[in-house]
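Structure, as structure tokens:
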Amino acid sequence: MASSPVADDRLVVLDTDVLHDPDDAITLVVAARTIRRLVVVTADEVLVPAEGGLRARGARAMLDALGRPDVPVITGFGSDGHRLAMDYETLMRLPYPPMIGLVDTIVDLCEQDSEPLRWIGCGPLTNLAEILTSAPHVAERVELVQMGGWLDPARYRDPSRASHNLRIDPRAAGVVLRMCRHPRLVLSEHTGVPAIRVTPDWLLYQRLTAPDAPQWARIPAANFAIWCRSRSGSWMHDPLTLTAALDLGFVTFRDERILLGEDGRLSCDPNGHAAQVSTEVDYAGFVGWLEEVTATTPQPETAPPGR
């Protein structure tokens with residue numbers, strides 16, 4: 001089990017609705033520090049006519065401040081939800097990253113690389129569904145690790161509906177979970193727990209908001225401040241999912257067969273689709289690792305995404 005930062009050399013796509021729940025911003029920081037060959041795609045993007053995506057602007061600014069200008073930021077598909085916990089005017093003042101075609105870029109990366117592409121889903125599955133429906137052969141080249149879904153109604157906060165990432169675009173979730181082979185799901189009943197809820201008394205939060213915090217911390221700190229105006233903290237759903245994608249051993253999985261309902265809710269069924277689902281988590285080990293990685297200053301040796 002990992003106890004220190006790593007420099008993963010696989011080709012990894014982080015699909016993130018960054019600047020909604022602050023756990024996405026923390027995931028972006030951790031990914032920038034642990035993954036050499038990283039591509040960032042913005043999920044549930046907030047698109048402004050003629051101005052591009054606001055999440056993409058924030059992601060680009062964070063990566064540049066983290067010393068990762070080599071990481072491409074691809075503006076993904078949007079929705080009408082406008083789920084942002086950031087000041088719009090602040091984001092509009094940030095430069096918009098160069099336009100990169102989502103489908104063509106991912107298809108090219110899959111075809112150029114000899115190893116499968118690891119896709120870390122930290123938002124709705126709209127982007128990956130668009131890729132797979134446009135280029136179905138790519139499904140054979142993608143290894144999906146997705147945050148979301150629940151199977152135990154006794155442990156999920158609201159069993160009357162699907163979890164957030166599957167609920168936002170249940171059609172896309174249905175396409176992706178049926179097309180990808182053996183997707184790995186980090187279930188919401190294992191991420192929405194007190195052990196990984198970051199509050200102002202956490203060292204991680206205090207580092208971000210300290211007067212001498214580094215430049216890269218400004219956006220996550222502002223994200224946390226706005227988010228916590230109406231909430232008691234941020235659960236680290238997505239950083240935990242990233243550790244599962246990097247095979248760090250904090251999350252244990254089992255093989256299962258699942259059915260996906262029309263509304264995005266999951267159920268176990270012997271005739272369902274083969275998947276792996278989380279069963280337990282080493283929360284103490286994960287929290288120690290997260291504190292260590294977010295406190296580390298050296299950056300991994302970078303490499304272009306498509307070698």
Side-chain angles (χ1 to χ4, degrees), residues 2 6-16 27-28 30-43 68 70-74 76 100-149 165-166 172-187 238-258 260 272-278 300-307:
V6 299
D8 196 278
D9 201 38
R10 288 171 292 189
L11 179 59
V12 176
V13 172
L14 175 64
D15 188 24
T16 172
T27 305
L28 187 63
V30 173
R33 290 186 162 174
T34 57
I35 302 169
R36 288 193 180 99
R37 304 172 63 213
L38 176 65
V39 177
V40 172
V41 179
T42 55
R68 294 302 306 271
D70 60 296
V71 175
V73 174
I74 303 176
I100 303 173
L102 172 64
V103 175
D104 289 344
T105 298
I106 299 302
V107 171
D108 287 346
L109 289 174
C110 288
E111 292 176 347
Q112 292 169 11
D113 210 76
S114 59
E115 297 296 324
L117 181 150
R118 182 65 57 91
W119 186 284
I120 307 176
C122 295
L125 285 156
T126 311
N127 292 322
L128 187 53
E130 182 68 22
I131 293 165
L132 297 184
T133 53
S134 299
H137 67 284
V138 169
E140 308 294 333
R141 306 286 302 146
V142 172
E143 294 180 348
L144 171 65
V145 182
Q146 176 69 30
M147 189 276 132
N165 287 343
L166 304 189
V175 169
V176 171
L177 294 182
R178 291 179 175 95
M179 290 186 71
C180 284
R181 293 191 301 177
H182 290 89
R184 190 182 300 180
L185 302 178
V186 180
L187 298 174
D238 296 333
L240 183 63
T241 301
L242 182 143
T243 71
L246 300 185
D247 301 317
L248 299 188
F250 301 121
V251 185
T252 302
F253 293 88
R254 74 169 187 266
D255 292 327
E256 188 59 83
R257 288 195 170 270
I258 59 171
L260 184 73
H273 185 69
Q276 287 191 319
V277 298
S278 57
E301 181 182 340
T302 61
R307 246 186 212 171

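A quick note: this is a predicted structure, and the numbers were derived from the prediction, not measured.
Here the CD1-CD1 distance, from I100 to I106, works out to 9.5 Å after rounding to the nearest 0.5 Å.
Residues forming a side-chain contact (heavy atoms from CB on, under 4.5 Å) with A275 (at least two apart in sequence, or on another chain): P183, I258. The salt bridge (charged side-chain N to carboxylate O under 4.0 Å, His left out) search around E256 returns R254, not counting sequence neighbours. Legend: residues meeting side chain to side chain donor-acceptor pair (under 3.5 Å) with N165, ordered by chain and number and at least two apart, are absent. The side-chain contact (heavy atoms from CB on, under 4.5 Å) check on E140 picks up R181, with sequence neighbours excluded. Remark: V175 engages A129, T133, M179 in a side-chain contact (heavy atoms from CB on, under 4.5 Å) (not counting sequence neighbours). Residues passing the side chain to side chain donor-acceptor pair (under 3.5 Å) test with T241, sequence neighbours excluded: none. Annotation: salt bridge (charged side-chain N to carboxylate O under 4.0 Å, His left out) contacts of R184 (sequence neighbours excluded): D247. The side-chain contact (heavy atoms from CB on, under 4.5 Å) search around A245 returns R118, I120, V145, not counting sequence neighbours. With sequence neighbours excluded, no residue forms a side chain to side chain donor-acceptor pair (under 3.5 Å) with T243. With sequence neighbours excluded, no residue satisfies side chain to side chain donor-acceptor pair (under 3.5 Å) with D104.
Residues H182 and H273 share a closest heavy-atom pair of N-NE2, 4.5 Å. For L132 against C180, the heavy-atom pair with the smallest separation is CD1-SG, 3.9 Å. Residues D15 and A43 come closest through the heavy atom pair OD1-CB, 3.5 Å. Scanning all heavy atoms of the two residues, the minimum distance from G272 to R257 falls at O-NH1, 2.8 Å. Minimum interatomic distance between T34 and V30 (heavy atoms only, all atoms of both residues): OG1-O, 2.7 Å.
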key: Audit row: L144, L128, side-chain contact (heavy atoms from CB on, under 4.5 Å) steps and yes/no   = CA-CA 10 Å; L144 171 65; L128 187 53; 4.0 Å; yes

task = For the pair F253 and L185, evaluate side-chain contact (heavy atoms from CB on, under 4.5 Å) and give the outcome as yes or no after the intermediate values.
result = CA-CA 9 Å; F253 293 88; L185 302 178; 5.9 Å; no

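In this structure, Q276 contributes its side chain and V186 its backbone to no donor-acceptor pair below 3.5 Å. Side-chain atoms of S278 come within 3.5 Å of backbone atoms of L187 as a donor-acceptor pair (strictly under, hydrogens ignored). At distances below 3.5 Å, not a single donor-acceptor pair connects side-chain atoms of R10 with backbone N or O atoms of E115.
No side-chain heavy atom of T27 sits under 4.5 Å from any side-chain heavy atom of T16. The closest side-chain heavy-atom distance from D9 to R36 is below 4.5 Å. At least one side-chain heavy atom of R37 sits less than 4.5 Å from a side-chain heavy atom of D113. Residues L125 and L166 meet the side-chain proximity criterion, which asks for heavy atoms closer than 4.5 Å. Contact of the I131 side chain with the W119 side chain is registered, since non-hydrogen atoms from C-beta on lie closer than 4.5 Å. Here the side chains of V103 and V138 are not in contact, with every heavy-atom distance at 4.5 Å or above. Using a 4.5 Å heavy-atom cutoff, the side chains of T42 and N127 are not in contact.
Applying the side chain to side chain contact (heavy atoms under 4.5 Å, CB included) test between T105 and each of L102, V107, L109, D108 identifies L109 as the sole match.
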